[in-house]
Amino acid sequence: MFPKVPDQHKPGKPLVPTGLGVIYVVVSAAYLFFLHAFGFDVESASISNVSPALTLAVCILFGGFMGLLDDWMNLRWRYKALFPLVAAVPLTALAYRMGARTAITLPFLGTINFERYYFFVLIPLMVTVVTNTVNQLGGLNGLETVCPAIIMVGLMVASGKSALLLTLPLAVWLVLAFFNFQGKIFVGNTGSFAIGITLAAFAIISDVKWCLLISLTPYIINSSMILLNYFFFRTKANVSFDGKRLFSDHRRSLITLITYRRPMTERQVVAIIALLVAASTVVAVAVQMFLL
Amino acid sequence: METKSASKKERIINGIKSLGKIRPKINHTTIMTITALTIILFIAFTIRLFPMRWEIDPTTGKTNLLLSEFDPYFQYRFTEKIVKDGVISWAIENNGKGWIDYQRWYPSGINVAKAAFPGLPMTAAFLYEIVSMLGVGINLMSFCSLFPAIMGALACLALYFLGKDIGGKPVGFLSALFLALEPSYIQRTSVGFFDDETIGILSLLLFAFLFLRAIDEDRRVNSTVKYALASGAVLGYFCAGWGAAYYPIGVITLFTLVLLIMKRYTRKLLLAYGITFGFGLLIAINVPKLSPNYLLTGAILPVAAVFGLLFLAEIVTNLKTAKWKVISVILFLALIVGGIIALSYAGYMRGIAGKFISVINPFTREASPLIESVAEHRISAWGSIYYEFGITIIFFIIGLFFIIGNLNNRNIFLLVFGLTSLYFACSMVRLFVLMAPAFSILAAIGISGLLKPFVALLKEPPKISVKKKYGLEHVGKEFSGIAMFLIFLMLMVNLAFPMPRVYTQAYTPTTISGGSLSISPQYLSVPVSEWIDMLNWMRTRLSPTTVVCSWWDYGYWITVLGNVTSLADNATVNSTQIENIGFIFMSNETQAVRMLKLYNASYILVYTTIRSDTGEWVNAGGDEGKWVWMAAISGKARQRFIDNGFIPASDMWNENLDDIRRLFGNYTIGTNWIDSNKNGQVDSGELEPNAKGQNATIYKLMRYAVESWKQKHGKSSSTIKLLYFTPEYIAGLDDDGSKYGGVVPLVCLYKINWEKYYSEHPSG
């Protein structure tokens with residue numbers, strides 16, 4: 001059923017099924033529907049249009065749909081920016097109805113209150129940036145699944161009872177990550193957009209935005225490197241493969257930075273980035289739980 | 001012999017075979033289309049029947065359909081008049097003055113011909129006659145109650161055709177489905193909601209559909225004329241049926257102007273526009289309520305201006321020299337300026353400017369408590385759009401994006417329709433219903449546009465090579481299915497959960513069967529009988545000429561179901577009378593009875609709701625929540641009451657809501673709350689009586705019933721002494737609170753003791 005693509009970083013480039021992220025999308029949506037329908041929603045939602053579970057479900061479905069479009073039509077950047085903005089509409093409505101905090105607390109610096117701009121500027125911006133940033137760090141077996149899983153666990157720990165919303169989605173994602181790490185499947189853009197939007201939406205719903213932003217540090221570094229190189233030098237990151245190991249002669253992304261004149265196997269690179277993400281997530285959870 | 005019988009046999013077989021030819025030739029697509037449409041219409045109709053649950057008596061199983069809210073009772077009364085006395089009796093009786101209904105707005109009565117639109121009652125009466133002729137034994141009220149659901153389903157059908165013309169069959173189907181399940185529209189077309197909107201939205205859609213067809217360049221001229229005449233007829237019908245006719249007129253005028261600005265003028269546009277508005281407005285000015293003055297109202301004058309522009313465009317197109325083109329433009333401008341000067345000299349322009357500004361900026365509307373006290377007239381919060389439409393709003397935005405990318409004439413119309421209705425919906429809660437069809441089509445276009453590439457993939461073998469990272473070559477057809485499934489799941493969020501807004505909106509009893517209680521329908525397992533009991537009591541014991549004073553909300557019920565004479569109702573035609581009624585309730589008994597004397601009233605009615613556990617007010621739709629508006633409305637006429645000697649200046653209140661609460665009780669009427677520990681909560685010892693509030697007639701009448709209920713149910717009670725009112729019937733006294741989730745509605749009727757009043761005040 002799933003189309004097969006060659007795995008570029010394996011000897012002989014074996015064909016691997018891709019787009020399995022759709023399983024995550026469908027199972028998560030079904031699970032969240034179940035939570036809402038049987039009264040396990042985290043907030044008492046008298047009006048279903050603004051229930052946290054349903055809002056998260058819609059965001060995941062929308063992310064998955066956007067990924068499908070990107071997989072097949074190679075969406076232009078302007079659409080990739082626009083789509084998450086549209087998906088942010090239900091989140092904005094939910095945050096507004098739930099009377100979400102409109103301030104972001106910075107450790108040591110205090111609280112900045114964005115008031116109405118929080119709903120109409122900050123939430124859409126956050127969803128767009130996070131979704132696209134997460135989508136940008138990928139291309140190696142396990143990278144686009146293991147790292148978001150680590151952040152997801154961190155967010156769940158920091159969020160308390162809202163963690164129920166992500167319990168089954170995390171389990172499904174971990175199964176996908178296991179097979180992806182072994183090089184047996186790819187989740188495709190469907191998976192990476194869906195997981196990106198999941199993280200952003202969950203952080204807003206359970207008010208752990210700061211935790212998400214710190215956890216995403218390696219991602220933000222990666223996206224900044226890619227974008228700055230592209231805008232200033234019109235150059236793109238490109239990692240080479242000699243049949244066994246990855247290496248690069250430039251530093252235009254996180255992967256090329258790690259493999260710059262230092263050939264490594266695919267698994268080693270993924271392990272290093274995963275460790276970086278784990279470290280940033282631990283710091284993020286600590287900051288969220290003890291400093292804010 | 002054998003040959004003969006063989007040929008006979010053959011003939012019989014051929015005869016049977018030829019029978020098959022009678023069968024209509026329908027292809028597979030037509031069957032699918034008809035099936036899908038039937039299912040959508042079935043859904044639309046049945047979901048609108050949900051309130052019937054409360055119309056069925058659980059003990060006898062007998063169904064007694066009633067109307068919802070208040071206005072539908074007036075529409076029913078008008079329909080009943082037409083059925084009884086003939087189609088145009090209401091317009092010609094009283095020597096051509098029209099029907100004056102003296103059972104409403106006593107003593108002056110109300111000239112129904114001048115005050116009401118006849119479109120809905122005439123349609124309902126006409127259809128009722130047909131149904132009766134066919135031998136269907138249904139009473140008029142049940143028929144009127146079902147009428148909105150039928151019109152709601154028909155509007156979905158009309159939207160299918162409009163959507164099909166704009167974006168093809170898929171858009172038609174999806175938009176019909178969305179309209180069938182649109183919460184605001186369901187609310188206004190569900191069983192019992194027999195009001196103008198029911199025919200209004202249907203005619204709006206038909207009007208747009210016919211006008212767009214009329215200006216279609218691919219049609220021949222005689223087809224354009226036919227469609228334009230039909231759209232004009234529908235416009236005239238709309239004008240005769242609903243005051244909101246300004247809206248479709250404005251939309252088409254604006255749409256035509258946009259076409260002109262975009263240099264899309266065609267001769268067909270001029271022809272269609274001229275015929276449509278000429279014929280439509282000709283019908284409109286013959287409606288007694290509108291009269292020829294209608295042509296000089298602010299919303300209609302632009303129609304003439306745009307017609308002039310179209311004419312100018314036609315002249316300029318035909319003129320060959322630049323000199324004459326300039327001259328004709330100058331002449332036209334001079335004509336416009338002259339027209340404006342003439343109109344302002346005649347005093348029309350000020351009104352036009354004022355109306356224009358109040359529509360464009362709702363905050364400049366006169367801060368009238370009379371208007372503000374009606375929930376449906378309030379300005380809606382922008383945020384409420386999301387709560388109204390839910391997740392589908394995502395597709396609405398995408399739909400807008402798609403039509404902006406392809407601006408053909410129909411899409412320009414949709415853009416104007418969508419954006420203006422969005423604006424008006426944000427300006428008045430009631431107008432969400434206008435936005436429902438535009439929203440449905442745009443959301444349908446959004447979904448259909450998003451799925452188009454996937455549908456194309458599904459139909460052809462995909463050859464899209466993308467995804468540089470992996471070098472993806474082909475994608476399976478299954479993925480197209482997945483994309484559709486994901487959209488389907490997203491729609492489920494809005495439409496398929498146990499209690500999404502769609503069904504909660506539909507699953508609500510009619511106002512009277514819900515006892516006018518503002519509590520969740522899940523607590524109402526049985527119809528609330530108190531109001532119905534009271535109205536039956538009136539109908540059987542009082543005469544039609546008996547005057548009963550009540551707050552205007554209940555006026556229609558009292559007149560139509562109670563068959564007595566009321567002083568005011570939702571028609572709000574006489575604001576002085578409403579101020580006087582507000583005064584009656586807020587002043588003390590002596591002052592109130594002095595005012596009641598003007599109206600020759602025999603009874604006074606109040607409605608209150610209490611909690612069965614504490615016996616205190618619960619504010620679930622009773623007058624304990626409405627007294628503030630009674631005070632504010634009567635407070636507007638403060639000086640008049642003082643000048644006419646009804647009340648001394650020191651006793652009289654004003655229209656300021658803060659002052660009113662301070663004067664009559666800031667917690668509720670008759671009770672003050674002093675937050676001594678400043679914790680924002682009511683603690684013991686923080687409530688104290690407010691003498692002026694406790695002396696108000698409304699307080700005493702409500703409190704008397706509450707204390708009587710408490711006494712009857714063994715709760716500690718105090719005694720309320722009424723001076724000039726004696727309780728005649730209190731519906732709900734026997735209710736122990738178990739029936740309606742702990743809420744007890746009390747509908748109380750008091751007789752005015754004129755003997756005692758005159759004995760104490762011989763001079764009156």
Side-chain angles (χ1 to χ4, degrees), chain A residues 1-8 13 16 18-19 22 25-26 29-30 32-33 36-39 45-51 53-55 57-58 60-65 67-75 82-83 85-90 92-94 96-97 119 138-139 186 188-190, chain B residues 183 381-398 401 446 450-451 453-454 456-457 462 464-504 520:
Chain A
M1 174 181 172
F2 291 95
K4 289 188 174 173
V5 292
D7 186 347
Q8 304 286 355
K13 297 186 178 178
V16 176
T18 187
V22 76
V25 174
V26 174
L32 291 165
F33 286 179
H36 175 78
F38 291 93
S46 56
I47 296 175
S48 63
N49 291 346
V50 288
S51 104
L54 291 186
T55 306
V58 166
I60 295 176
L61 285 167
F62 210 78
F65 186 79
L68 281 179
L69 276 175
D70 194 27
D71 267 341
W72 299 342
M73 302 171 74
N74 220 5
L75 282 183
L82 175 91
F83 268 77
L85 281 181
V86 176
V89 173
T92 306
L94 175 80
Y96 191 76
R97 177 57 69 94
F119 298 111
F186 292 138
N189 274 337
T190 316
Chain B
W382 285 86
S384 61
I385 299 171
Y386 182 80
Y387 309 123
E388 178 68 29
F389 296 114
I391 306 301
T392 341
I393 206 156
I394 290 177
F395 301 112
F396 170 78
I397 298 168
I398 295 170
F401 176 78
L450 273 180
L451 286 178
F454 296 106
L457 274 173
I464 297 170
S465 58
V466 283
K467 195 69 187 178
K468 284 159 255 162
K469 208 162 26 176
Y470 301 131
L472 185 67
E473 286 294 334
H474 297 293
V475 284
K477 284 188 175 186
E478 299 86 352
F479 266 35
S480 290
I482 290 172
M484 290 174 196
F485 185 59
L486 292 189
I487 296 277
F488 173 76
L489 286 179
M490 270 190 255
L491 291 178
M492 269 182 71
V493 171
N494 247 40
L495 308 174
F497 279 96
M499 285 310 262
R501 200 161 141 64
V502 173
Y503 307 109
T504 46
S520 175

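Just so we're on the same page: letters track the sequence lines, and every chain starts at 1. These numbers come from a predicted model, not from an experiment. Any value given below was found using the heavy atoms of this structure, including those in side chains, with hydrogens, waters and symmetry copies removed.
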| task | Measure A:Val25 against the heavy atoms of chain B and call it side chain, backbone, both or neither at under 4.5 Å. | result | side chain
| request: Under the ring pair (Phe, Tyr, Trp, His ring centres under 6.0 Å) rule, collect the residues that match up with B:Phe395, sequence neighbours excluded. | output: none
| query | Taking all atoms of both residues into account, what is the closest heavy-atom pair of B:Ile391 and A:Pro90, and its distance? | reply | CD1-CB, 4.1 Å
| remark: Bottom line for B:Ile393: the part with an atom under 4.5 Å from chain A's heavy atoms is side chain
| Just how far is it from atom CD1 of A:Ile60 to atom CG of B:Leu486, taken to the nearest 0.5 Å? | 11.5 Å
| message | To the nearest 0.5 Å, what is the distance between CE on B:Met492 and CG on A:Leu54? | response | 9.5 Å
| request: Please name the pair of heavy atoms, one in B:Pro453 and one in A:Leu69, separated by the smallest distance, quoted to 0.1 Å. | output: CG-CD2, 4.5 Å
| request: Can you tell which part of B:Leu450 gets under 4.5 Å to a heavy atom of chain A, answering side chain, backbone, both or neither? | output: both
| task | Please look at B:Ile397 and chain A and tell me whether the side chain, the backbone, both or neither of the residue comes under 4.5 angstrom of a heavy atom of that chain. | result | side chain
| message | Rounded to the nearest 0.5 Å, what separates atom CG in A:Leu61 from atom CD1 in B:Ile487? | response | 9.0 Å
| query | What residue, out of A:Thr190, A:Val16, A:Leu68, has the most heavy-atom pairs lying under 4.5 Å from chain B? | reply | A:Leu68
| query | Considering residues at least two apart in sequence or located in another chain, which fulfil the side-chain contact (heavy atoms from CB on, under 4.5 Å) criterion with B:Phe401? | reply | A:Tyr79
